[in-house]
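Here is the structure we will look at.
All values reported here derive from a predicted model rather than from experimental measurement.
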Amino acid sequence: MKINIERYFKTTNFNLASFLFVKGIELANIDRLDNQKRQTFVFVENPQTEELIHEFDYAKENDEIVMVDARKLIYATKQLKDKLYQTNY
């Protein structure tokens, strides 16, 4: 029997969420907080997640790992915003 224990990373930082999303980290859910004005983005952790989070915060400006195609980032941002306004996500 295979046991699948998934770990999750949560953030309220929209820019970090967009970065992880465009880098292919799977979005598991968006948790709505009590005041409904803030949401928590919940991502399925994988071996790359921790490194991407660290590099997002501390990498040098032109470091290759943080460079993303602008169109992909804009599209990821739009998708996340669309998911924020869905009532059943």
Pairs touching residues 45-57 that satisfy side chain to side chain donor-acceptor pair (under 3.5 Å), sequence neighbours left out: Asn46-Thr49
Partner set under ring-ring contact (aromatic ring centres under 6.0 Å, His included) for Phe19, not counting sequence neighbours: Phe56
Contacts of type side-chain hydrogen bond (donor to acceptor under 3.5 Å, both in side chains), residue Thr12, not counting sequence neighbours: Arg38
Value rounded to 0.5 Å, distance of CD1 in Ile53 from NZ in Lys23: 13.0 Å
From Glu26 atom CD to Phe43 atom CZ, the distance as rounded to the nearest 0.5 Å: 10.0 Å
ILVMFWY cluster membership beyond Val42 - transitive side-chain contacts under 4.5 angstrom: Tyr8, Val44
CG on Leu20 to CZ on Phe9, rounded to 0.5 Å: 6.5 Å
Anything under 3.5 Å between a donor and an acceptor, one on a side chain of residues 64-78, the other on a protein residue two or more places apart or in another chain? List them.
from: Asp69; atom 1: OD1; to: Arg71; atom 2: N; distance (Å): 2.7
from: Asp69; atom 1: OD1; to: Arg71; atom 2: NE; distance (Å): 3.4
from: Asp69; atom 1: OD1; to: Lys72; atom 2: N; distance (Å): 3.3
from: Asp69; atom 1: OD2; to: Arg71; atom 2: NH2; distance (Å): 3.1
from: Tyr75; atom 1: OH; to: Gln79; atom 2: NE2; distance (Å): 3.4
from: Thr77; atom 1: OG1; to: Leu73; atom 2: O; distance (Å): 2.8
from: Lys78; atom 1: NZ; to: Asp82; atom 2: OD2; distance (Å): 3.2

Partners meeting side-chain hydrogen bond (donor to acceptor under 3.5 Å, both in side chains) with Asn13 (sequence neighbours left out): none
Nearest-0.5 Å distance, CZ of residue Phe14 to CD of residue Gln39: 10.0 Å
